[in-house]
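Computed from a predicted model, the values in this text were never measured in an experiment. Order of listing sets the numbers, starting from 1, for every ligand and every atom in it.
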Amino acid sequence: MSHRVINFYAGPAGLPLPALERAQTELLDFMGTGMSVMEISHRAKEYDAVHNEAIALVKELLAVPDNYKVLLLQGGGNLQFAMLPMNILHSGRKADYVVTGSWAKKAFKEAKIVAGDAARVVATTEPEKFKRLPRPEEIKLNADAAYVHFCSNNTIYGTQWKTFPATGGIPLACDMSSDFMWRPFDVKPFGFIYAGAQKNLGPSGLVVAIIRDDVLAMCSDKLPTMLQYKVHADKNSLFNTPPCFSIYILRNVLAYNKSIGGLAAIEKNNREKGRLLYGCIDAHREFYRGYVTVPEDRSFMNVDFNLPSEELDAAFVAEAKKNGMVGLKGYRDLGGIRVSMYNAVTVDNVKTLVAFMEDFAKKHA
Ligand SMILES: *Cc1c(COP(=O)(O)O)cnc(C)c1O
């Protein structure tokens, strides 16, 4: 058995151990080919099976309706910030953006570069340092928007939408990089969903995207070929050489998710993890000072808090590390502690952290 830590990194982040062990077993001789999956043609039938299984598992786990295509793209979440407006915001189309954190702001910034004033901010909680999400009445949508963009989980600030914005039929476009598949959800209000893989799905660089057929039909065919969603959809994400190894790991993670009972079972674990950690924070609210001000907005994936001093923050991180827990140092602008507990973090891992936190609070409060 190799030495493994309890991994609370925000991204790249821990992956389910069985998905990694499967890769270890299959590394040198993938499906009896005598090669690794990195060494075989992306047109070979053995690779094709993995590629199609990954796509089929996304559809199955989320019950994606037939009028959607699942795409496997590259360039991380950041390229989607630009690719979405490049594809949609032509021919006078406009879009609305809800700004709830750094990533949502970056998505808007790229849309501005691509489309200028056709990209509009319709709500922002930046004046409150993103400590909460906008309430429904604070979001003033434009009737002419081709899509409404938001970020489902704000990785840095620790807020997460439990109920998605109501748009009266305007397609939602969502950056789900840091909470994709944390629970089942209804795909139908969405025109476009994308998720960089390195939080809940697999290796960085890879992006899973889901696009509805009517939104795909709006997409430009006057862009460089690699930037056209239509090309990737037509070619089943095999227009050029895909990131085969990353897609293979994605397949392993999704197959593992299915084997443990799918997204309903994963949601149950995630809710229990949240109950345990927020229970501890709320029981010691003078010592563990949560960043998010509205309890319903708190994220099940990323949890930010500050201790009473920077010295205690540092001591917490160092002592946790001695106890086999890594990745707890807060985001640089916020300081304090950030606990990222994506799908691969187990209930037992969070129990270990909470026991440590109880002990640390007793010693230092
Ligand atoms: C991590 C993250 C990204 C960044 O993705 P890259 O793959 O590094 O480009 C985008 N959006 C959110 C919400 C993230 O958490």
Counting distance only, does the side-chain N/O of H51 pair as donor-acceptor with the main-chain N or O of N236 below 3.5 Å?
yes
Please list, chain by chain and in numerical order, all residues satisfying salt bridge (charged side-chain N to carboxylate O under 4.0 Å, His left out) with E311, sequence neighbours excluded.
none
Minimum-distance protein heavy atom relative to atom 9 (O) of ligand 1
N78 ND2, 2.6 Å
Subset of ligand 1 atoms that lie under 4.0 Å from at least one heavy atom of F81
10 (C)
Counting heavy atoms only, which of M176, Q74, K199 comes nearest to atom 3 (C) of ligand 1?
K199
So among N302, D297, N154, which one has a side chain to side chain donor-acceptor pair (under 3.5 Å) with T159?
N154
May I ask you to check if K131 and Y291 form a cation-pi contact, with NZ or CZ under 6.0 angstrom from the six-membered ring centre and within 45° of the axis?
yes
Quick test: of every protein heavy atom, which one is nearest to atom 8 (O) of ligand 1, and how far off is it to 0.1 Å?
Q198 NE2, 3.4 Å
Region of C151 that comes within reach of ligand 1 [heavy atoms, distance under 4.0 Å]:
side chain
What protein heavy atom sits nearest atom 11 (N) of ligand 1, and how far away is it?
D175 OD2, 2.6 Å
Can any side-chain N or O of Y342 pair as donor or acceptor with the backbone N or O of A10 at less than 3.5 Å?
yes
Can you give each donor-acceptor pair under 3.5 Å made by side-chain atoms of residues 318-325, sequence neighbours left out, with the distance rounded to 0.1 Å?
from, atom 1, to, atom 2, distance (Å)
N323, ND2, E319, O, 2.8

What about G76: any of its N or O atoms under 3.5 Å from an N or O on ligand 1?
no
Contact with ligand 1 for G196, non-hydrogen, under 4.0 angstrom:
no
Indicate whether the side chain of D348 and that of T346 have a donor and an acceptor atom separated by less than 3.5 Å.
no
Got the closest protein heavy atom to atom 5 (O) of ligand 1, with its distance?
G77 N, 3.5 Å
